[in-house]
Every structure is written in structure tokens, then in C-alpha cells.
Protein chains: 2
Amino acid sequence: MDLQKFVINFANSYRKKEFIVFSAECEVTYSGKTETKLSLGDRVILLKPDGSLQVHQPTGNVPINYVKEGTDHNINLLDGNRVIINSHNIPQGDYMQIIVHTLHFFNSHKTEDGHKIQLTGTEKDMSDMIYENPTLVEQGLKSVKQEEQTNYGFIDVLCRDENNNLVVIECKRVKADFSAVSQLRRYIDRVKETKGITNIRGILVAPAITTNAEMMLNDYGYKFVAIDPPRYLEKLKKSQKSLGEF
Amino acid sequence: MDLQKFVINFANSYRKKEFIVFSAECEVTYSGKTETKLSLGDRVILLKPDGSLQVHQPTGNVPINYVKEGTDHNINLLDGNRVIINSHNIPQGDYMQIIVHTLHFFNSHKTEDGHKIQLTGTEKDMSDMIYENPTLVEQGLKSVKQEEQTNYGFIDVLCRDENNNLVVIECKRVKADFSAVSQLRRYIDRVKETKGITNIRGILVAPAITTNAEMMLNDYGYKFVAIDPPRYLEKLKKSQKSLGEF
DNA sequence: GGGGAGAGATGCCGC
DNA sequence: GCGGCATTTCTCCCC
């Protein structure tokens, strides 16, 4: 497909809100939240029906450049042998420019997909599990409230221990770091202040914790309990079962 | 292209490490860090030369499903009218399965792109600007050190004020929130402890701060100074200039 | 490779 | 829309 035909096809497909996919040797500049410049190379470009556009290099999980949904796009022949695509998103303050030198392929088509993804094994699942069964965390623990709102953010799970101390529990589905400990401390500070109580404990629940974060946690007098998110428990059970079967 | 030809072309292109792009009505399941299920719909799929694969719905800036670089892929006819692609990444513990019902288009090609993106206007640029010119933040401020390491993380800029107090400065390139305040507090706590001093102040520098975060900041006795990242300053100057010209 | 923190983070939900 | 926060975050840098 020559560049003139590319311009016409692109414009038609864009007007019809089709999913446009093409590959080209191109340069990209972006101006908005920052300024970026990407010199000539081969990239695959997706322009979705919602107006979002992504530029993909041959490596990496994320687009090297992009504009969000609701962006307006404009295509023109720049001279005999180049094409320029200007993309504006006024509310976002974003502007992107692609200069196409060579087109490798072009495709566009109507798409139908109303489905949402179903996902399990999130932090919320972990919080639910602990709220339902707080003794997983500590003997004698009783759940009080989930997602308790404070002015300093919300607490994953609030419990009482067997000595009737309030216990603030913060869950992380991956290895806990400094910011998790800071978050826990922030909630405890706030509860101490608003409820005017001092017999309050903090527990950080995660599959693991970094060494330094654990030291900080200990400095603050809080506790770490290692628990995997629900999905990992299932996986573990299955693998143990399989091992048994062999 | 019929499904049998799709399987053959896919396998050939994959072996040659070409950039594969296709669109299909398909189902996707993923098992790894979580478990996901996505039922039948139209998606565009990218398989890059590095082994990473992404599934894109017609909307959104990010892939709905993906596996990272270094993943192994396997394609087969499932029965007369479906194709199954199995993707494994053993080190990551990831497994993905795509069942293709209808193929909309297929393309693959060699790509060349060794270029890295150039980017300006980051938090580091902001930190540099403040280190070079600390009086932007406060009259009489003198820079001491950039990226001072503490056991609780590193400090963006360390200064002394005109009364010889140590001043810890934390920069954010976007509106500051609770976690920025928590971060500042963590560093100050640590400096107080390790250096055994109490005449230490905290300043949070950002273009803006949320109301609640500012209350928390005030509770802790720290200070907020509104400064835009370098690029925004330029932008502001330009827009003021333009206004003057009209 | 782990730890720590930024990112043009993105996306989701709540108010 | 802002706020608060998780994310299969991803990416980079430093130890």
C-alpha cells in the first residue's frame, strides 16, 4: 500500500471508528505531561475505536508512546514520501506527532467486545479472606470492620485481639515494603488520635516483607504475619496434592 | 486466511522471531500472579520478537491480558474450527491460553528499532532544579546533598535554612498525596534518630497537594511549597508570553 | 538480583 | 471531577 492510499484508508477507517493497526518506520514526538522524542525506527501502532493510540517498539510490555481515549487524530501527506499524523487531546493537554517514512502494513476492522475480565487473587480477596477468618492472622482475633474510613485513608481490616486491643491490619498481595509500613503507621496514628485510645496494635499481612521494612516495622512495635493471597493457597494445595499423587 | 494456514504462518513467523500482529474473536485465560478469565470477543494481539504477548480490547490504554518477554508460545489446531495458543513463562510462573474462534487478520514482519526515548520534565529534573537553586523553595536555603541515603530510603534534597536547621525536601512532579507526606515523615524520623538531632524541618515541594494531605502535613509541622516541574515553568512562560502577544 | 522509588504511571471505586 | 489506593503495576537505578 502506498502512502497516499494509506492516508485515505486511515482517514476512512478512523471516521468509521474501526480498530486501526499498522506498522511503520516512523519518528514520534510527544508534548504534554513531559516532552519526549523518539527517532526513526520500526513500530507497530494501534489506534482504538475509543481514540486512544499506542506506539509499540519490538520489545517491552508497555507502549513507548501513547495518547489516551478521546484523542482527536489527523492524517496528511507531509510531502511526496512521508505521512504525518497529529494527535490532540485538549482536556489532557497532550499532543503527539508521528511522521511515517515507510509503511509495512495497514489493517482496520470493526470490533465487538463488551466483556469484562474476571480476576481473582487480588488484595481485596486477601482482605476478604482475613475478615472472614481473622484467626489465620492470630489466635483469638475477632473482626470488627472492613475498609474503615479514616481521614488518613481507609483501613483494610479492623479487629480486636483476645485482650480487647484494637488491631489495625494492612494487607499486601506482594512483598511488603517501606510504604506499606508507613501506610500502617499512618492509620494507627489517626485511630489513636480520633478515638483517643492507646491500646492499639498494628499487623502487616503479606506473603513476605523486605528486611529493611521489617526493621522499621519492629521499630514501630508492629507485627508481620506471612500469608499468601487466596490464589496462592489454592496453588499450593494443588501442588501438594499432585506431589502426593506421584 | 483459514485457521490451518494461520497456524502454519504463526509458527513460521514465531520461529523467525518476527513481530506478529493479528486480530481474532477469542477467549483468554491466565494463571500466574492471579487468575483471570475473559470470554469470547474481538481482540488485537501482539506477539513481539522478545516473546512478550499482549491482548488488546477495543478500548483502554493497557492490554487486558499479557505475558512478559521470554515467554514460550505454542500454537495448534484445537479441532476443525478453533486454534489454541499456549504461552508459558516458567521463571515468572505465568501461563496463558488463547482460544481463537475466528481470525480477522494476520500479519508478521521483521522489525528494526534500537532507539531509546528521550524524556524531560521528570521528578529528577525537579530535584536537580531545586538542588541548583534552593531559594526557589525558601529564602536563605542552602543545598547540602542530593539523594542522601538513609536506612528508610533516600532523601531528594537535603538543605540548611538560614537558622542552620537541617531541611529535608521531598519533591513530587504531580499533586502530592498522603503517601508523599508519609514518605517525608519517614525520612525525618530516620534523620532525627541517626543524627540525634531535633532541629530538623520538612518541606514538601509539588505543583499542588490534596486538602487532606495538607492537613496531615500541618499536623506533623511540615511545610508545603508549590513549585511546578521545570517543563511546566517553560509552558507557563510561553502561555503568558502568548497572552501578552495577543 | 533485591531493594527502593518514580511513572506522561493506569484503572477502579467512592464521594 | 477529586481523592485514595491497588496494580499480573512497569521501569530505572543503586547496592
Side-chain angles (χ1 to χ4, degrees), chain A residues 30-36 52 60-69 89 91-96 116-117 119-127 147 149-156 170-180 182-183 186-187 208-214 216 229 231, chain B residues 30-36 52 54 59-69 89 91-96 116-117 119-127 147 149-156 170-180 183 186-187 208-213 229 231-232:
Chain A
Y30 163 81
S31 175
K33 286 138 204 142
T34 62
E35 312 271 348
T36 70
S52 64
N61 299 308
V62 290
I64 189 69
N65 271 120
Y66 60 90
V67 283
K68 292 183 186 172
E69 73 171 286
N89 192 319
Q92 292 277 334
D94 285 331
Y95 168 67
M96 201 171 112
K116 291 210 167 179
I117 198 164
L119 189 144
T120 57
T122 62
E123 179 178 308
K124 183 59 166 49
D125 292 332
M126 203 170 162
S127 165
E147 299 191 13
Q149 299 291 331
T150 80
N151 279 343
Y152 283 8
F154 69 83
I155 294 165
D156 282 340
E170 174 62 29
C171 304
K172 291 293 162 198
R173 65 179 299 284
V174 292
K175 186 179 274 200
D177 58 10
F178 281 143
S179 83
S182 285
Q183 207 179 337
R186 196 200 307 154
Y187 300 151
I209 184 167
T210 67
T211 316
N212 291 338
E214 187 158 30
M216 181 175 163
R231 194 228 152 244
Chain B
Y30 163 80
S31 174
K33 286 136 204 142
T34 62
E35 311 272 347
T36 71
S52 65
Q54 317 176 3
T59 61
N61 300 307
V62 290
I64 189 69
N65 272 121
Y66 61 91
V67 283
K68 292 183 185 170
E69 72 172 287
N89 191 320
Q92 291 278 333
D94 285 331
Y95 170 66
M96 202 170 112
K116 290 210 166 178
I117 198 164
L119 190 144
T120 57
T122 61
E123 180 178 307
K124 184 58 168 46
D125 293 332
M126 202 170 165
S127 166
E147 299 192 13
Q149 299 292 331
T150 80
N151 279 343
Y152 283 9
F154 69 84
I155 294 166
D156 282 340
E170 173 63 29
C171 303
K172 291 293 161 197
R173 64 179 299 283
V174 292
K175 186 180 273 200
D177 60 10
F178 283 142
S179 82
Q183 210 177 335
R186 197 200 307 153
Y187 300 151
I209 185 168
T210 66
T211 316
N212 291 338
R231 195 223 152 251
Y232 287 155

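Below, chain A is the first sequence line, B the second, and so on; all start at residue 1.
If you check every strand for non-hydrogen atoms under 4.0 Å, Gln54(B) touches nothing. In this structure, Gln183(A) reaches the sugar-phosphate backbone alone: every heavy-atom distance under 4.0 Å involves primed, P, OP1 or OP2 atoms, never a base. Thr122(A) comes within 4.0 angstrom of sugar-phosphate atoms only, judged by non-hydrogen atoms across all strands, and of no base. Backbone-only contact: Asn61(A) has heavy atoms under 4.0 Å from sugar-phosphate atoms and none from a base. Contacts of Ile209(B) with the nucleic acid, taken as non-hydrogen atoms under 4.0 Å apart, are absent.
Ring-to-base geometry places Tyr30(A) in a stacked arrangement with dG8(C) (centre distance under 5.5 Å, plane angle under 30°). Residue ring and nucleobase are stacked for Tyr66(A) and dG8(C), with a centre distance beneath 5.5 angstrom and an angle between planes beneath 30°.
Among dC10(D), dG4(D), dT10(C), the nucleotide with an atom closest to any side-chain atom of Lys68(B) is dC10(D). The Asn212(B) side chain lies nearest to dG3(D) when the options are dT8(D), dT11(D), dG3(D).
Dense packing is recorded around CD of Glu123(A), with more than 12 heavy atoms of other residues, nucleotides or ligands lying under 6.0 Å away. Environment of CD in Glu69(B): sparse, with no more than 12 heavy atoms of neighbouring residues, nucleotides or ligands closer than 6.0 Å.
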**Item:** Which nucleotides of DNA chain C pair, in dot-bracket form (Watson-Crick or G-U under 3.5 Å, | meaning another strand)
**Value:** |||||||.|||||||
**Request:** Might you work through the salt bridge (Lys or Arg N to Asp or Glu O under 4.0 Å) test for Lys68(B) and Asp94(B), ending with a clear yes or no?
**Result:** CA-CA 9 Å; Lys68(B) 292 183 185 170; Asp94(B) 285 331; over 6 Å; no
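When each of Phe154(A) and Val67(B) is assigned the nucleotide of DNA chain D with its nearest heavy atom, Phe154(A) is the one assigned upstream, toward the 5' end.
For dG8(C), the base has a donor-acceptor partner in the side chain of Asn65(A) [N/O atoms by modelled type, under 3.5 angstrom].
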